[in-house]
Amino acid sequence: MYCRDCGTKLSLRFLENEGLVPYCDQCGKFKFPFFPVAVSMAVERRTDHKILLAKHVGDDEYKLLAGYVKKGESAEKTIARELKEETGLPTVKWKYLGSRYHDEKDILMLGFLVTTEELAIKPNEELAETRWCTYEEAKELIKKNSTAEAFLNAAIAELGRKK
Ligand SMILES: [Zn+2]
């Protein structure tokens, strides 16, 4: 780990109430790590509560739609923007499901249940396939032991509570 300001190799130093935090001797400051934040969206249709799974180009597994939060953007704004960009669908409402840290890619993922209308999908070039699934189909098709699966299960639990 190197200092993002001066390039000096960072060491770990104890900081009260925080534990071990990267420290730059050159700057004389603690340097908390930066990492990207992304949203993961379990998109459900308002009319029949089917859930949208998608395969991205070059990926053989079904996942939920997801996208990075842009600098200066709120996660709520990211949801509406990403859903529109990737599928052309509108965001009617959303509910926060929780978050998970995705270790392999060092990303904080925020999970949302997003409600949309029953309209034709206009997939963008990132999507190879989209599919509206019943809860059972979605559970069967989603990539196992993935962050997407955890958010899918949370979304289905949330939808179950509403009935
Ligand atoms: Zn530095």
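Counting convention: from 1, in listed order, for ligands and their atoms alike. When a residue number appears, it is its place in the shown sequence, counting from 1.
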Problem - His56 versus Glu126, side-chain donor and acceptor atoms under 3.5 Å - result: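 There is no such pair between these side chains.
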Exercise for the section: Return yes when atom CD of Glu129 has more than 12 non-hydrogen atoms of other residues, nucleotides or ligands closer than 6.0 Å, and no otherwise. Expected result: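 Result for CD/Glu129: enclosed.
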Could you list the cluster mates of [X]? Members are the ILVMFWY residues connected by side-chain heavy atoms closer than 4.5 Å, either directly or through other members.
| X | value |
| --- | --- |
| Leu12 | Phe14, Leu20 |
| Val43 | Phe35, Val37, Val39, Met41, Leu52, Leu65, Val69, Ile79, Leu83, Leu89, Trp94, Tyr96, Tyr101, Leu108, Leu110, Phe112, Val114, Leu119, Ile121, Leu127, Trp132 |
| Leu10 | Met1 |

Practice task
Return the set of protein N, O or S atoms whose distance to the Zn ion (ligand 1) is under 2.8 Å, each given as residue and atom.
Solution key: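 Result, waters dropped: Cys3 SG, Cys6 SG, Cys24 SG, Cys27 SG.
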Handout entry: Validation row: Ile142, Leu64 side chains within 4.5 angstrom (heavy atoms)
Key =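 Sidechains of Leu64 and Ile142: in contact.
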